[in-house]
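A, B, ... follow the sequence lines: proteins, then strands. Residue 1 opens every chain.
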Number of protein chains: 2
Amino acid sequence: MITIYDIAEKAGVSAMTVSRVINNTGRISEATRKRVKKVMEELHYIPNSMARSLVLQKTKILSLLITDITNPFYTTLARGAEDAALRAGYRLLFANSDEDYAKEKGYVDMMLSTRVDGVLFAPTGDHSLENLLQLQKHNIPFVMLDREIPGIGADLVLGDSKEGARKLVEHLIELGHRRIAMINGSPDVSTARLRYSGYREAHLLNGLSVEDSLVIHRNFRDFQDESALDALIHHENPPTAIFAANNMLAIGAIQALRKRGLQVPSDLSLVCFDGFGPTDALNPFLTVASQPAYQFGALGMQLLVERIEGEATPEHRKMILPSELLIRSSAQALR
Amino acid sequence: MITIYDIAEKAGVSAMTVSRVINNTGRISEATRKRVKKVMEELHYIPNSMARSLVLQKTKILSLLITDITNPFYTTLARGAEDAALRAGYRLLFANSDEDYAKEKGYVDMMLSTRVDGVLFAPTGDHSLENLLQLQKHNIPFVMLDREIPGIGADLVLGDSKEGARKLVEHLIELGHRRIAMINGSPDVSTARLRYSGYREAHLLNGLSVEDSLVIHRNFRDFQDESALDALIHHENPPTAIFAANNMLAIGAIQALRKRGLQVPSDLSLVCFDGFGPTDALNPFLTVASQPAYQFGALGMQLLVERIEGEATPEHRKMILPSELLIRSSAQALR
DNA sequence: CTGTTAGCGCCTTCAG
DNA sequence: CTGAAGGCGCTAACAG
């Protein structure tokens, strides 16, 4: 491996001079700068960033933790975060928790031992608190994304879960639906709670009562166990519409319904939170509350960088990004 | 920051003993091992992986370079690679070139300076050769994914581009289509060349001639410029079907056609390479050659780890993963 | 403008 | 079974 000492020797200067050329610090005569640069190229020198980080105590690496890399919402968000990170001179290390606390913890340990400069953190749920505290204890700045956690202060970028859910459900109500099921994520996740509360509010505002037997809970990542869906279908007074709390749940529900010979929207209307990224264009069929995923990443990254570089005010900032109701054809008027 | 020296002091041993406890090397009495471990927990010690890597000359970090993080083929592949990496005790650093050579080069520089132990590399195209040679020069093992590059030897995991393309186009021919357009990626990419050659072969085997005015080239990432599509539509003898060389091109084409008032499949049949990951289930509409994306990642990672850990034979291995023709409803019989 | 010294946190080697 | 010395590649702080 080529080191600055190899360069120094061949260029007839000290290692320190080479270091200065590399970092553009101090004053160096144009002549030696050129000479050193030439030798660096000849020897194909690549700085060792670990040695560098070890002494500087910073890595210029940030980490983005998302809960599902196969979910287009998060990949689009990742693009936003990546672009913003590169622009600010940082590299981005992606991590994928799969909505799994243990996997999340593993990645947090890794961030700690890699000494990343900061983390953009979409938690798996409230129990992620432990992992966040771990970061806090080791003075690693972080910004939280998409989901809020009681008991910890941090900069936040959230969607308008309650509002978005209310709009979706009111849309169904306007179409004449009165019995609306909800397929929600785990109640351990703030967005699940808020989307439920928007669902509830839409009912109350319209003089409808909420029936808890129509609300089922699943992992946000996938639908899996379909038994609860059967309970809905065979309900003594079955729903005519479904509100899925995110895109993956909607996919799972549609698939499960299809297996049972039921079509959306002819047999059952369906709306959901989140779009499907680029594949949305393929089939603009689902009525959704679309979130500005790219902005989540870009804005979150901006907050993070500001915090790291000390440009942020001490108090925590909370950004709420609006979602947009896109009315398409997966929900029909009743009858 | 807590170091092994802090632990050593508090436990009344030398730093070396602490290091041995951490790494389970050498022989240590059960008593001191316990004492040291206790102190480590009390102080919330986290090993500094950079200091460690600096002396060991290995990082236990691998990198996965893909060309489009918003493409479900690559995110599914990423999941496969991640799972396999974690299983083998490595961490994975994701990088996203966006089909952009300069961005790819930036990431390669970063891999070099981070001294990753190995790279799973999906190149942007033939000109990526430069970047691969760079890795080779610095003795960083790599495995190539999805695309082959003339002029460099490496382990390879590829799809059966030619075969898959042939099957798709023959399917169209069986449906009665005779004038089949192709929307291809850049000819700088091996999969684009092979898919074209499968397209060509399907024609020749069926006694049809290939008309180059029906073949257009685009970036695999997105459709953008739609003028070439207009040329197809207003062709004096227009195509009745389109073969898109990948999923993103299919999305772009469908969108552009729709804008022009043309529907698939009623006005034009369309088939493409690659599925759409989880969102495929949403709308099993497109007839595709589906590739085992997860396997690409998992198998590639396995080859990479074997190569790094010296368990691989010196000669390069080339794995070809079959694609599966999924006949759905986006291609109809002519007339 | 350039060099010397010291040390970031850890592990290898060689002594006890 | 345990410790002391030295060095991985780099840069901050201080000299000149």
Please determine whether a side-chain nitrogen of the Lys or Arg among [X] and [Y] lies less than 4.0 Å from a carboxylate oxygen of the Asp or Glu.
X	Y	value
K318(A)	E148(A)	yes
D83(A)	R79(A)	yes
K37(B)	E42(B)	no
R147(A)	E99(A)	yes
K58(A)	D117(A)	no
E82(B)	R91(B)	no

Discussion item. Return whichever of Y45(A) or Y5(B) has its heavy-atom-nearest nucleotide of DNA chain D closer to the 5' end.
Written reply: Y5(B)

Worksheet, complete the sentence: Nearest-nucleotide check on DNA chain D, V13(B) vs T3(A); residue mapping nearer the 5' end is V13(B)

Could you state the [atom1]-[atom2] distance from [X] to [N], rounded to the nearest angstrom?
X	N	atom1	atom2	value
R35(A)	dC1(C)	CZ	P	14 Å
K34(A)	dT2(C)	NZ	P	14 Å
L54(B)	dG9(C)	CG	P	12 Å
K58(A)	dC8(C)	NZ	P	18 Å
M50(B)	dC8(C)	CE	P	14 Å
I7(B)	dG9(C)	CD1	P	12 Å
Q57(B)	dT12(C)	CD	P	12 Å
M16(B)	dC14(C)	CE	C1'	12 Å

Fill in: Exercise: do Y74(A) and N96(A) side chains pair donor with acceptor under 3.5 Å
no

Item to complete: Report the residue from D68(B), D98(B), D109(B) that forms a salt bridge (charged side-chain N to carboxylate O under 4.0 Å, His left out) with K103(B).
Response: D98(B)

Worksheet item: For DNA chain D, which nucleotides open and close the run of contacts to chain A, 5' to 3', at under 4.0 angstrom from a non-hydrogen atom?
Response: dG9(D) to dC14(D)

Strictly below 4.0 Å: does [X] bring a side-chain N or O up to OP1 or OP2 of [N]?
X	N	value
S19(B)	dC11(C)	yes
T25(B)	dC11(C)	no
T32(A)	dT2(C)	yes
N23(B)	dC11(C)	yes

Is [X] touching bases, backbone alone, or none of the nucleic acid, heavy atoms closer than 4.0 Å?
X	answer
M1(A)	sugar-phosphate
R27(B)	base
I22(B)	nothing

Item to complete: Taking only the side-chain heavy atoms of V55(B) (C-beta and beyond), determine which of dG9(C), dT4(C), dT13(C) contains the nearest atom.
Response: dG9(C)

